[in-house]
Amino acid sequence: MSVARTSRTPLPGIGVRYDLTTREHRHLSVVAHRDGSRTLSAYQRDDPDACALSVHLTGQEAEALVDALKPTHHSPTLLSTTELGLVAERIELSGTSHWNGRLLGETRMRTETGVSIVAVLRRAEAIPSPGPGFRLAGGDTLIVIGTREGVDAAAAILGRE
């Protein structure tokens, strides 16, 4: 099996073009525009200069596509996974959650699930390593690390209304 060939070409005033030739000799390119958008193009097999498809993506759409292409893709909230069987995931606390306004320690999260809450994202602020006295609020996004089963159990606990 051959390795895909890639190249990078600066496009002054526009961004950067990335070209990929697959093992099946298909040519793809992505232009990373300076505004964060992307243009994905695929070229005809028999004429590598003839574009068969061109799609312009916003920055958010490009991120969603990259996420879907990753081999570790499991869910839109999944941050990462390791060979050790651990996952890091975002869990959002709804405004109607039973835990809205309560202390993190009251959830008994680590005892019940084995997961660690490594940070809470609140509006534009990140609160690292919140302790048991941290007061939760609707709209908080908790960054949790644990086993797949533990993270699923944590999401169920935090989803309680």
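The minimum heavy-atom distance between Ile145 and Ala88, with the atom names listed, is CG1-CB, 3.7 Å. Nearest heavy atoms, Asp19 versus Thr9: OD2-OG1, 4.4 Å. Across Leu103 and Gly133, no two heavy atoms sit closer than the pair CD2-O, 3.2 Å.
Put simply, Ile117 and Ile157 are part of the same group of oily side chains (I, L, V, M, F, W, Y) that touch within less than 4.5 Å, one to the next. Val31 is not connected to Leu28 by any chain of hydrophobic side-chain contacts under 4.5 Å among Ile, Leu, Val, Met, Phe, Trp and Tyr, and they are in different clusters.
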Check: Would Leu20 and Val30 satisfy side chain to side chain contact (heavy atoms under 4.5 Å, CB included), going step by step from the backbone distance to the final call?
Finding: CA-CA 9 Å; Leu20 166 77; Val30 174; over 6 Å; no
Item checked: Trace of the side chain to side chain contact (heavy atoms under 4.5 Å, CB included) decision for Ser97 with Arg160 -> CA-CA 6 Å; Ser97 172; Arg160 180 177 163 202; 5.8 Å; no
Next item on the list: Applying side-chain hydrogen bond (donor to acceptor under 3.5 Å, both in side chains), run through Ser116 and Arg110 and close with a yes or a no.
Entry: CA-CA 6 Å; Ser116 295; Arg110 184 174 295 193; 3.1 Å; yes
Check: Checking side chain to side chain contact (heavy atoms under 4.5 Å, CB included) for the pair Arg38/Glu61: CA distance, chi angles, key distance, verdict?
Finding: CA-CA 9 Å; Arg38 303 289 190 264; Glu61 292 166 339; over 6 Å; no
Next item on the list: Would you please test Leu57 and Leu65 for side chain to side chain contact (heavy atoms under 4.5 Å, CB included) and show each step?
Entry: CA-CA 9 Å; Leu57 304 168; Leu65 179 59; 3.9 Å; yes
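Among residues two or more places apart in sequence or in another chain, the salt bridge (Lys or Arg N to Asp or Glu O under 4.0 Å) test is passed with Glu106 by Arg102. In terms of the salt bridge (Lys or Arg N to Asp or Glu O under 4.0 Å) criterion, Arg45 has no residue partners (sequence neighbours excluded). Shown here are the side chain to side chain donor-acceptor pair (under 3.5 Å) partners of Glu63, two or more places apart in sequence or in another chain: there are none. For Ser29, the side chain to side chain donor-acceptor pair (under 3.5 Å) test picks out Tyr43, with sequence neighbours left out.
Separating the CG atom in Leu158 from the OG atom in Ser94 is a distance of 9.5 Å, to the nearest 0.5 Å. Rounded to the nearest 0.5 angstrom, Ile143 CD1 and Glu89 CD are separated by 9.5 Å. Here CG of Leu121 is found 7.5 Å from CD1 of Ile127. Values are rounded to the nearest 0.5 Å. Of the inter-residue distances, the one linking Ile14 atom CD1 with Thr39 atom OG1 reads 9.5 Å to the nearest 0.5 angstrom. Separation of atoms CG (Asp46) and NE2 (His25) is listed at 14.5 Å; rounding is to 0.5 Å. Taking CZ from Arg17 and OG from Ser41, the interatomic distance works out to 7.0 Å, rounded to the nearest 0.5 Å.
Put simply, the side chain of Thr107 gets close to the backbone of Leu104: a donor and an acceptor are under 3.5 Å apart. The backbone N or O of Met109 lies less than 3.5 Å from no partner atom in the side chain of Glu112, so there is not a single donor-acceptor pair. In this structure a side-chain-to-backbone donor-acceptor pair under 3.5 Å is present from Thr22 to Arg26.
Identified under the salt bridge (Lys or Arg N to Asp or Glu O under 4.0 Å) test for residues 130-145, with sequence neighbours left out: Arg122-Asp140. Counting only residues at least two apart or in different chains, ring pair (Phe, Tyr, Trp, His ring centres under 6.0 Å) contacts with residues 92-143 are absent.
Residues Leu142 and Arg90 have side chains not in contact (no heavy-atom distance under 4.5 Å, counting atoms from C-beta outward).
Using modelled atom types, one finds no donor on one side chain facing an acceptor on the other under 3.5 Å when comparing Thr21 with His27.
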